[in-house]
Amino acid sequence: MRIKYFLGQVKDRMTVGGQRILGVLMLLLTVVSCAIENDIPYPIVEASIESMVVEGQRGADSNVFAEATINKSARTVTIYVNDSVDVTKLKVTCLKITPGAELIPDSTACVDFQKFPAEGFTSLDSIPASSNTRMDFSSPVHFTLRTYQDYVWTVSVQQLIQRDVEVEGMVDCVIDDNSRVVIVYVGQDQDLTNLNVTKMNLGGEFGTVSPDPTIIKDYSSPVKFYVRRSWEEYSYEWTVYVYKDSEEAGGGTTEAFAMTTRATVNGKIQSGKTPVVEYCKQNATSWTTVPAANVSVSGNSFTATLTGLNASTAYKYRISVDGTVGSEQTFTTAAATPLENGSMEEWSQDDKQWNPWTAGKDAFWGTGNKGSKFINKNITSPVDDSVSGKAAYLESMNALNLKLAAGNLFTGDFELDGMNGLLHFGRPFTSFPTSLRLYYKYTPATIDMIGDNVGDLATLKGQTDMFQIYIALSDKSEPYEIRNNPKNRQLFDPNDANIIAYGEYTSSESVTSYKELEIPLEYRATNRTPKYIIIVASSSKYGDYYIGGVGSKLWLDEMELVYE
């Protein structure tokens with residue numbers, strides 16, 4: 001605090017008289033008190049939306065419930081909902097935020113701003129029954145989270161309306177939501193004046209279409225329908241056009257997405273028909289037929305899965321329907337990229353810090369050794385106790401009696417953020433492994449250290465520690481930023497929308513001699529190419545929370561990517 005004295009103008013006015021002295025003293029006190037400035041800065045307490053749920057919430061590619069996608073660095077939340085809810089009066093059923101932060105919703109979006117909770121809530125049962133959490137999410141909504149500062153978050157709700165059209169003999173269908181036009185292509189043998197429409201859900205599952213499309217038979221000219229959902233005041237006009245397809249079935253359009261040892265072929269087919277899918281190497285003449293079990297048909301669409309392919313190889317394929325063979329198409333499989341320094345043979349030292357790469361070479365693996373310099377020890381180091389050559393040794397240690405330093409190894413970089421870690425997970429990668437194979441040993445200790453702000457995880461104290469290894473493929477445009485500072489913690493989310501494939505293994509079992517482990521990758525998308533590979537291993541699973549047992553030890557060796 002600074003005190004500024006402004007005495008120049010009153011100095012020559014001071015007299016011995018009590019009245020004058022009292023007046024001068026009061027003047028001085030007033031000047032001094034007004035000149036005191038508070039220069040103590042407010043602490044930085046960043047506030048985040050931890051989780052959010054609304055009625056009708058679902059996945060972007062699935063009808064089942066899925067967590068909201070939260071981007072803490074951009075302060076955005078993305079939620080998908082089904083077509084059964086009114087997004088203009090959508091109820092928020094969970095809005096968990098940083099403890100102690102004040103919640104200020106967008107007043108223009110609230111159905112009743114005065115009744116919206118002023119703090120986060122985990123369920124509707126945890127707030128007064130008189131509360132009203134309905135909001136208009138027809139456009140992005142802003143929430144202000146207030147601590148010592150204001151943090152503005154943007155929540156976007158995207159409603160996915162499943163519009164389905166099924167017509168007997170249909171080859172293809174185009175539904176344009178913007179122009180409200182449907183174009184249906186049917187086989188050459190179909191009578192446009194006597195078509196059988198089995199489904200036309202233009203308003204989604206919960207919309208109504210009039211007149212009833214199933215009783216309309218003549219589509220030789222455009223037919224107009226009126227579509228309305230229960231909460232909508234007006235109906236919307238849609239126009240349906242039906243044409244005979246010029247290139248049916250075998251000659252229809254298809255596309256293939258090639259991975260390393262498998263490929264997926266998608267295409268259109270006349271409704272009620274079954275395709276035969278064949279493939280072979282580009283220069284071969286003997287075709288292999290895809291087993292019927294690997295071909296699925298839904299309406300006028302089909303998907304075929306080709307397995308047992310060779311990496312970095314050109315193939316051709318063709319589709320046959322009712323004996324008519326379509327044109328040949330081609331694709332090339334991706335390379336089987338090996339895991340860099342998976343054998344754990346390459347190490348170098350920077351002063352006393354061990355690094356899992358050769359000196360002068362770009363780093364692929366990272367460790368938290370830079371953060372353990374305060375205890376003058378390496379939490380990750382090379383050892384001769386291995387399957388072959390060197391192995392990586394990860395040990396959880398006590399860092400100056402302040403927090404746990406868990407032994408770790410990951411694809412990415414590590415920097416210090418004060419006494420905490422700032423990591424970036426992911427190295428460039430564009431292939432499609434099926435699993436991660438490795439050898440390991442593990443000696444768990446009892447969990448005796450618990451970090452700050454860990455919630456229910458504090459109950460782990462006294463339990464046996466556990467190690468964790470996980471692998472993920474991501475098509476995010478950049479690596480994942482990880483912060484383990486309790487005040488602005490941001491950890492890896494395996495359910496992030498950019499994760500294409502994921503696999504993990506966690507165990508507290510003591511393994512005293514090297515044991516082989518294979519962690520399969522479960523692909524969530526078979527039509528997206530990864531940009532980064534993420535592999536993370538820790539001698540204490542909850543090391544990001546500074547939770548674990550001092551003395552937990554993990555050995556890793558001969559890691560490799562499997563392509564089958």
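Nearest heavy atoms, Phe432 versus Thr430: CE1-O, 3.8 Å. Residues Ala497 and Arg528 approach most closely at O-NH2, 3.0 Å, considering heavy atoms. The two atoms that bring Ser396 and Gly549 nearest to each other are CB-O, 3.4 Å, heavy atoms only. The two residues Pro213 and Tyr219 come nearest to each other via the heavy atoms O-OH, 3.4 Å. The shortest heavy-atom contact between Pro117 and Leu103 is O-CD2, 3.7 Å. Between Asn300 and Cys173 the shortest heavy-atom distance is ND2-N, 3.9 Å.
With sequence neighbours excluded, no residue forms a ring pair (Phe, Tyr, Trp, His ring centres under 6.0 Å) with Phe137. Annotation: side-chain contact (heavy atoms from CB on, under 4.5 Å) contacts of Arg75 (sequence neighbours excluded): Glu46, Tyr151, Trp153. When the salt bridge (Lys or Arg N to Asp or Glu O under 4.0 Å) test is applied to Asp493, no partner is found at least two apart in sequence or on another chain. Every residue two or more places apart in sequence or in another chain that forms a salt bridge (Lys or Arg N to Asp or Glu O under 4.0 Å) with Asp150 is listed here: Arg146.
The environment of Glu102 atom CD is dense: over 12 non-hydrogen atoms of other residues, nucleotides or ligands sit within 6.0 angstrom. For NZ of Lys217, the number of neighbouring non-hydrogen atoms (other residues, nucleotides, ligands) closer than 6.0 Å is greater than 12. At most 12 non-hydrogen atoms from other residues, nucleotides or ligands lie less than 6.0 angstrom from CD of Glu255. Residue Asp362 qualifies as open at atom CG: its count of foreign heavy atoms under 6.0 Å is 12 or below. Applying the 6.0 Å contact sphere to NZ of Lys476 captures more than 12 heavy atoms from other residues, nucleotides or ligands.
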Does Arg163 form a side chain to side chain contact (heavy atoms under 4.5 Å, CB included) with Asn201? I'd like the steps, not just the answer. CA-CA 5 Å; Arg163 307 186 198 274; Asn201 292 339; 5.9 Å; no
Check step by step if side chain to side chain contact (heavy atoms under 4.5 Å, CB included) holds for Leu416 and Leu422. CA-CA 6 Å; Leu416 277 172; Leu422 172 59; over 6 Å; no
Show, in sequence, the C-alpha distance, side-chain angles and deciding distance for Phe121 and Glu119, and conclude whether the side chain to side chain contact (heavy atoms under 4.5 Å, CB included) test is met. CA-CA 7 Å; Phe121 53 96; Glu119 57 185 17; over 6 Å; no
Audit row: Tyr505, Leu436, side chain to side chain contact (heavy atoms under 4.5 Å, CB included) steps and yes/no: CA-CA 11 Å; Tyr505 183 79; Leu436 171 66; over 6 Å; no
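A donor-acceptor pair under 3.5 Å is absent between the side-chain atoms of Thr147 and the main chain of Ala101, judged by distance alone. Remark: the backbone N or O of Gly267 is not paired with any side-chain donor or acceptor of Thr254 at under 3.5 angstrom. The main-chain N or O of Glu166 is found under 3.5 Å from a side-chain atom of Thr198 such that the two form a donor-acceptor pair. Gln159 places a side-chain N or O within 3.5 Å of a backbone atom of Asn82 that can act as its donor or acceptor partner. Without hydrogens or angle criteria, Thr260 side chain to Pro433 main chain gives no donor-acceptor distance under 3.5 Å. Looking only at distances, a side-chain donor or acceptor of Asn408 sits under 3.5 Å from a matching main-chain atom of Ala406. Under the 3.5 Å distance criterion, the side-chain polar atoms of Asn369 are matched with a main-chain donor or acceptor of Ile379.
Each of Thr526, Asn294, Asn266, Thr264 was evaluated against Thr303; a single residue qualifies, Asn266, per the side chain to side chain donor-acceptor pair (under 3.5 Å) test. Of the residues listed (Thr337, Leu339, Ile534), the one engaging Phe429 in a side chain to side chain contact (heavy atoms under 4.5 Å, CB included) is Thr337, and it is the only one. Partner Val186 forms a side chain to side chain contact (heavy atoms under 4.5 Å, CB included) with one of Val171, Leu192, Asp172 and no other, that one being Leu192. When each of Arg483, Lys370, Arg489 is tested with Asp417 by the rule salt bridge (charged side-chain N to carboxylate O under 4.0 Å, His left out), just one qualifies, namely Arg483. Test Tyr532, Trp365, Phe410 against Phe425 for ring pair (Phe, Tyr, Trp, His ring centres under 6.0 Å) and you get one pass: Phe410.
There is a side-chain donor-acceptor pair under 3.5 Å between Asn420 and Lys403. In this structure, a donor-acceptor pair under 3.5 Å is present between the side chains of Ser301 and Lys268. A donor atom on one side chain and an acceptor atom on the other are not found under 3.5 Å apart for Gln468 and Ser538. With 3.5 Å as the limit, one finds a donor-acceptor pair spanning the side chains of Glu504 and Tyr502. In this structure, a donor-acceptor pair under 3.5 Å is absent between the side chains of Thr69 and Asn71.
Asp544 is not listed as a side-chain neighbour of Phe492, based on a closest heavy-atom distance of 4.5 Å or more. Contact annotation: the side chain of Ile216 approaches that of Val223 to within less than 4.5 Å [non-hydrogen atoms, C-beta and beyond]. Side-chain contact between Leu521 and Ser435 is absent, with no heavy-atom pair separated by less than 4.5 Å.
To the nearest 0.5 angstrom, Glu67 atom CD is 7.0 Å from Gln57 atom CD. To the nearest 0.5 Å, the span separating CZ on Arg228 from OH on Tyr236 amounts to 10.0 Å. Rounded to the nearest 0.5 angstrom, Ser431 OG and Leu473 CG are separated by 8.5 Å. Atoms CD1 and CE, from Ile547 and Met449 in turn, are 11.0 Å apart once rounded to the nearest 0.5 Å. Distance check, rounded to the nearest 0.5 Å: CG of Leu195 to CD of Glu168 gives 8.5 Å. With rounding to the nearest 0.5 Å, the separation of CG in Leu95 from CD1 in Ile49 is 5.5 Å.
We find that Glu237 and Arg180 are not joined by a salt bridge, their nearest charged nitrogen and carboxylate oxygen being 4.0 Å or further apart. A salt bridge is defined here as a Lys NZ or Arg NE, NH1 or NH2 lying under 4.0 Å from an Asp or Glu carboxylate O, and Arg427 with Asp413 meets this definition.
For the side-chain hydrogen bond (donor to acceptor under 3.5 Å, both in side chains) condition, the pairs that include at least one residue of residues 129-141, sequence neighbours left out, are Glu55-Arg134, Asp136-Ser138.
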Sequence neighbours excluded and cut-off under 3.5 Å, please list the side-chain donor-acceptor pairs for residues 450-463, or say none.
{"residue": "Thr459", "atom": "OG1", "partner": "Asp456", "partner atom": "O", "Å": "2.7"}
{"residue": "Gln463", "atom": "NE2", "partner": "Thr459", "partner atom": "O", "Å": "3.3"}

